[in-house]
Every structure is written in C-alpha cells, then in structure tokens.
Amino acid sequence: MPRRDRLEAVDRAAPVRMCVGCRSRAAQDDLLRLVAEGGVLLPDSARRMPGRGAYLHRDPRCWAQAERRRVWRRALRADGAIDTSRVGALFADAPCVGVGPGSG
C-alpha cells in the first residue's frame, strides 16, 4: 500500500465557513468573524477572540438578512439578548458588493 504524503500548506484547501446572512459557503478569509462578548456583538478581524464565532460576508445585504432572521442567539449559542448596534453601524454606510458603476 502506498504511503500517503502530508499535504504542503500550499496544497491545502482554504477553510470554508457559512455566512449566517445568505447561508452560502465561502472561504474563511472572505468572511468577517463576529463574536458576542458581554452581550455585545463585536467584529473579530484577527480571528483570535475567545468563544464561538459566526461568519458573515462584508455585505450590507447579508447583514440585513441575518438581522431579519434573528440569527445571533442561535449562531452564537448565547443565552441572553445580543446588542448588534456596533456591528450594525459598520454596515450602515458600507456599499453593497457588486452594486454600482462597472459591476455588471
């Protein structure tokens, strides 16, 4: 039986996560990790904060879908209410991905 060689770091596929807004799968690097700390939803761009994380595209449409479906307590397995105002402010002024001149 041939011996299986270990894959080099270059050959490995990137980790895949699901966006809690649009529920599509994407490379982890393309998504923003969000965590709940003290009942407040915070972005974790370095992906180093402790606790369970939820991933979301950096697109206001995905944010709106996640908010409409109220996914935060379930995705983060939180007991109480989660304040989403800090992350919501980040998406309030962000342009929609793929919208605008030259996008089509």
Side-chain angles (χ1 to χ4, degrees):
M1 181 179 277
R3 184 174 151 246
R4 293 185 184 183
D5 292 329
R6 295 184 118 199
L7 293 174
E8 296 294 323
V10 176
D11 295 332
R12 291 185 185 170
V16 175
R17 300 291 184 261
M18 183 183 292
C19 173
V20 295
C22 66
R23 306 215 18 104
S24 66
R25 295 184 183 275
Q28 184 176 1
D29 292 340
D30 296 338
L31 300 171
L32 175 65
R33 182 175 188 257
L34 301 169
V35 296
E37 185 176 284
V40 177
L41 190 66
L42 300 171
D44 182 16
S45 57
R47 294 187 199 106
R48 297 287 183 253
M49 293 177 76
R52 186 168 180 86
Y55 291 85
L56 187 71
H57 283 110
R58 292 173 175 90
D59 187 340
R61 294 175 292 189
C62 288
W63 171 257
Q65 286 179 333
E67 282 287 285
R68 189 185 80 237
R69 290 182 23 239
R70 300 179 196 160
V71 301
W72 304 116
R73 285 187 57 199
R74 185 174 52 251
L76 299 169
R77 296 182 184 170
D79 293 330
I82 297 176
D83 178 17
T84 61
S85 60
R86 288 187 186 180
V87 178
L90 294 174
F91 286 99
D93 297 328
C96 290
V97 175
V99 175
S103 65

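Just the heavy atoms: all of them, side chains too, but no hydrogens, waters or symmetry mates, feed the values below.
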**Q** Test your reading of the model: is there a side-chain donor-acceptor pair from Arg73 to the backbone of Ala81, 3.5 Å cut-off?
**A**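 Not confirmed, Arg73 side chain does not pair with Ala81 backbone.
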
**Q** Using the rule that Ile, Leu, Val, Met, Phe, Trp and Tyr join whenever any side-chain heavy atoms are under 4.5 Å apart, tell me whether Leu76 and Leu34 fall into a single cluster.
**A**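 Hydrophobic grouping puts Leu76 with Leu34.
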
**Q** Enter the distance from Trp63:CH2 to Leu90:CG here, rounded to the nearest 0.5 Å.
**A**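 Answer rounded to 0.5 Å: 8.5 Å.
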
**Q** Does CZ in Arg70 sit with more than 12 non-hydrogen atoms of other residues, nucleotides or ligands closer than 6.0 Å?
**A**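 Atom CZ in Arg70 is not packed in, count stays at 12 or less.
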
**Q** Has the side chain of Arg47 got a donor or acceptor atom that lies under 3.5 Å from a matching backbone atom of Gln28?
**A**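 A pair under 3.5 Å: yes.
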
**Q** Distance from Arg33 atom CZ to Arg52 atom CZ, nearest 0.5 Å?
**A**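 If I round to the nearest 0.5 Å, the distance is 10.0 Å.
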
**Q** Which pair of heavy atoms, one from Arg25 and one from Val16, lies closest together, and at what distance?
**A**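 Minimum heavy-atom separation between Arg25 and Val16: CB-CG1, 3.8 Å.
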
**Q** Kindly give the heavy-atom pair with the smallest separation between Arg17 and Pro15, and that separation in Å.
**A**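 Nearest pair, atom of Arg17 first, then Pro15: NH1-CB, 4.0 Å.
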
**Q** Can you name the closest pair of heavy atoms from Leu56 and Cys62 and give their distance?
**A**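 Heavy atoms of Leu56 and Cys62 come nearest at CD1-O, 3.7 Å.
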
**Q** Examine distances only and state if a side-chain atom of Arg61 and a backbone atom of Cys22 form a donor-acceptor pair shorter than 3.5 Å.
**A**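 A pair under 3.5 Å: no.
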
**Q** Which atoms form the tightest heavy-atom contact between Pro43 and Leu32, and what is the distance?
**A**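 So the minimum-distance heavy-atom pair works out to CB-CD1, 4.2 Å.
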
**Q** Treat each ILVMFWY residue as a node, draw an edge where side-chain heavy atoms are under 4.5 Å apart, and state whether Phe91 and Val20 are in one component.
**A**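 Both belong to a single hydrophobic cluster.
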
**Q** Do you know which two heavy atoms are closest between Ser24 and His57, and how far apart they sit?
**A**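 Minimum heavy-atom contact is OG-CE1, 3.3 Å.
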
**Q** Would you say Asp44's side chain and Val35's backbone share a donor-acceptor pair under 3.5 angstrom?
**A**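 No, because the side chain of Asp44 does not come within donor-acceptor range (under 3.5 Å) of the backbone of Val35.
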
**Q** Taking all heavy atoms of Arg86 and all of Leu41, pick out the closest pair and write down the distance.
**A**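 Reported closest heavy-atom pair: CB-O, 4.1 Å.
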
**Q** With rounding to the nearest 0.5 Å, note down the distance linking CD1 in Ile82 to CG in Leu42.
**A**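 The CD1 atom of Ile82 sits 10.5 Å away from the CG atom of Leu42.
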
